[in-house]
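Shown next, in structure tokens, is the structure this report addresses.
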Amino acid sequence: MNSKNQLRKIIIHLALLCGLILTIAPFVWMISASFSPAGQANQYPPVFIPKTVTLEHYQTLFSRLSVARYFLNSIIISVSITGISLIFNSMAGFAFAKYRFPSKQKLFKLLLSAMVIPAQVTMLPLFLMLNRMGFINTYLGVIIPGIASIYGIFLIRQYIISIPDSLIEAARIDGANDFYIYWRIILPVSKPILVTMALFTFMGTWNDFLWPLIVLTKDSMYTLPVVLANLMGEHVQDTEMMMAGSVITILPIIIVFLALQKYYLHGIMLGSIKE
Amino acid sequence: MRFNILSETPRKNIAYLFLMPAMAAIFIFFFLPVLAALLMSFTDFDIYSLGDMSRARFVGLSNYLNLLRNPLFWKAMQNTAYFVLVGVPLSVMASLLAALALQSKLVRFKSLFRLSYFLPVVATLVAVAVIWRFIYHPRFGIFNYMLGLFGIQPIDWLGNPRWALLALIIMAVWKGFGYNMIIFIAGLQNIPESLYEAANLDGANAWQVFRHVTLPMLTQTTSFITLTTLISYCQFFAEPYVMTDGGPLNSTLSIVLLMYREGFKFWRMGYSAALAFFLFGIILIVTLIQMRFQKKYEF
């Protein structure tokens with residue numbers, strides 16, 4: 001390797017290292033502050049490793065501010081949306097991929113072109129509708145608009161199309177009915193895309209803010225992002241406690257991501273491939 | 001005899017059965033509200049209509065016209081335009097730079113870098129906004145501290161109308177660039193090695209290779225990334241909601257934040273619906289322009 005390349009190598013690594021520090025520093029500071037005694041985070045120069053470590057902010061959050069409850073709310077909502085939408089989207093994706101029925105192309109085109117409509121447009125009437133149904137301030141109110149998604153149907157359809165028809169026909173000759181085929185052949189074969197979709201949906205709903213903020217007006221129903229935004233109002237001085245709250249909100253999603261990152265990164269690629 | 005799942009008539013009904021749950025949900029909880037919102041935007045639907053819908057009256061285009069006369073609307077439009085026009089190029093450039101650096105054959109620990117650049121993408125936006133609110137603290141924040149290392153005087157990022165929106169943009173770029181980076185990396189991997197070899201044989205330098213090989217080959221990827229980033233930046237909401245509440249002096253008021261306030265704080269829902277359709281219109285126009293562009297550059 002010549003010296004010009006050697007120099008280039010060092011420069012690239014230095015630049016990448018700067019990038020790494022910039023992306024990681026906020027997280028390191030958050031974790032450090034969350035374990036610092038009250039008031040310690042407000043120092044100049046900032047401290048990245050606390051001198052004394054305390055769990056008091058986590059204790060306050062769980063005992064006085066019942067964060068466990070909000071955590072549970074977030075879990076219930078995210079898991080429900082993920083589970084239900086996975087089933088509904090995969091059923092519809094299967095139908096679009098492997099059946100022939102009147103106006104199939106028209107319906108599919110309608111769905112695809114509707115993807116340009118931002119969700120915010122639906123929120124006002126949706127709120128009134130769910131209000132009439134008595135779903136405001138309930139889990140169902142947050143869950144219902146998420147139980148099916150055009151994008152999800154589209155991605156699953158793309159995957160199922162590539163499953164050979166012969167696999168289905170063979171099962172049919174053996175006397176399998178359509179639901180058996182869906183459940184025992186299509187779903188298992190589609191596992192990679194289903195895991196990817198599940199991951200995207202779970203993370204998306206866990207991080208979602210605007211809709212839960214609108215639907216959940218009662219304190220005990222809040223999800224973690226909503227409660228965090230709310231705490232910001234009264235506890236803006238309690239830096240360390242807010243950081244502990246942020247850790248609790250971010251940590252589960254980071255763990256899920258790290259465990260399944262292969263599927264997540266793969267999903268990004270699927271989404272970016274145009275027809 | 002051939003069994004064909006695709007063509008038998010009874011299968012049609014089974015297809016409808018599979019379609020039903022998702023289609024019902026999408027039509028009732030998506031298409032219906034879109035139509036309702038359109039109707040609503042032509043009425044004076046407000047807090048009195050909440051209890052008794054018959055109190056809402058048809059007012060024609062007056063919600064749209066009132067919006068056009070409202071300085072707050074123009075402020076929100078202006079802020080959103082600034083957020084998009086400054087934020088999107090910054091974000092796309094950061095993604096491309098990171099992708100190019102990570103794609104270099106000289107680099108080690110690629111997956112470590114890639115992973116750490118990606119962490120902000122998965123982190124909850126609200127929590128990130130909370131963290132950055134403290135990071136931007138004029139006296140104790142680590143942002144001013146880092147700038148101070150380069151001799152830059154402390155700035156009251158979120159308290160000064162001149163800087164607040166830029167501060168939100170910097171945070172948004174930090175949060176999002178890792179996503180497009182992944183797409184760029186894949187785009188780079190799809191460029192055939194032979195093109196680079198040919199360019200090298202012709203004696204092209206690094207910049208020429210980038211300018212005449214890499215960039216043209218990434219046209220599709222770049223235009224896709226620009227569109228999706230544009231659309232998501234048009235909808236920014238949680239950042240100002242958590243960090244500035246639209247202030248100071250409305251310098252970070254966004255279209256969606258204004259829509260949220262009008263609709264769900266003041267319950268001027270007809271008015272708010274009109275605002276939502278302005279947002280829709282903008283996104284539609286951007287998408288159509290991009291589709292044109294895409295067609296023009298198809299190979």
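Proteins get letters first, then strands, A, B, ... in listed order; numbering begins at 1 in each.
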Quiz prompt | Contacting region of B/Arg133 [heavy-atom separation from chain A under 4.5 Å] | solution = side chain
Exercise. Identify which part of B/Tyr117 has an atom lying under 4.5 Å from any heavy atom of chain A, answering side chain, backbone, both or neither.
Key: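 Both parts, heavy atoms under 4.5 Å.
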Quiz item: What about the rings of A/Phe27 and B/Trp174, do their centers lie closer together than 6.0 Å?
Solution: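 Judged by ring-centre distance (under 6.0 Å), A/Phe27 and B/Trp174 do meet the cut-off.
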Quiz prompt | Which atom of A/Ser149 lies closest to which atom of B/Ile26, heavy atoms considered | solution =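 Of all heavy-atom pairs spanning A/Ser149 and B/Ile26, the closest is C-CD1, 4.3 Å.
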Self-check item: Exercise: identify the closest heavy-atom pair between A/Pro26 and B/Ile135
Solution: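 Minimum heavy-atom contact is CB-CD1, 3.5 Å.
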Contact class of [X] relative to chain B, heavy atoms under 4.5 angstrom:
X: A/Ile12; value: side chain
X: A/Leu16; value: both
X: A/Ala25; value: both

For chain B, the option from [options] that forms the most heavy-atom pairs under 4.5 Å:
options: A/His13, A/Met203, A/Arg8, A/Met129; value: A/His13
options: A/Leu251, A/Leu231, A/Leu224, A/Leu210; value: A/Leu210
options: A/Leu111, A/Asn89, A/Asn131, A/Val226; value: A/Leu111
options: A/Ile24, A/Ile150, A/Ile214; value: A/Ile214
options: A/Leu258, A/Thr122, A/Asn42, A/Thr249; value: A/Asn42

Practice problem: Indicate the ring-plane relationship of B/Phe18 and A/Tyr99, choosing parallel, tilted or perpendicular according to the 30° and 60° boundaries. | Solution: tilted
Exercise. Classify the angle between the aromatic ring planes of A/Phe209 and B/Tyr241 as parallel (below 30°), tilted (30 to 60°) or perpendicular (above 60°).
Key: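 If you compare the ring of A/Phe209 with that of B/Tyr241, the planes turn out perpendicular.
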Could you give the distance from [atom1] ([X]) to [atom2] ([Y]), rounded to the nearest 0.5 Å?
X: A/Ile117; Y: B/Phe31; atom1: CD1; atom2: CZ; answer: 6.0 Å
X: A/Ile153; Y: B/Leu19; atom1: CD1; atom2: CG; answer: 8.0 Å
X: A/Trp29; Y: B/Trp132; atom1: CH2; atom2: CH2; answer: 11.5 Å

Quiz item: Out of B/Ala25, B/Pro21, B/Ala276, which one racks up the most heavy-atom pairs below 4.5 Å with chain A?
Solution: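 Highest number of heavy-atom pairs under 4.5 Å: B/Pro21.
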Quiz item: Quick one: side chain to side chain contact (heavy atoms under 4.5 Å, CB included) partners of B/Ser254, sequence neighbours excluded?
Solution: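 B/Ser254 satisfies side chain to side chain contact (heavy atoms under 4.5 Å, CB included) with B/Thr80, B/Phe236, B/Pro240, B/Val256, B/Leu257 only.
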Practice problem: Walk me through it: do B/Ile283 and A/Val116 pass the test side-chain contact (heavy atoms from CB on, under 4.5 Å)? | Solution: CA-CA 7 Å; B/Ile283 291 177; A/Val116 76; 4.1 Å; yes
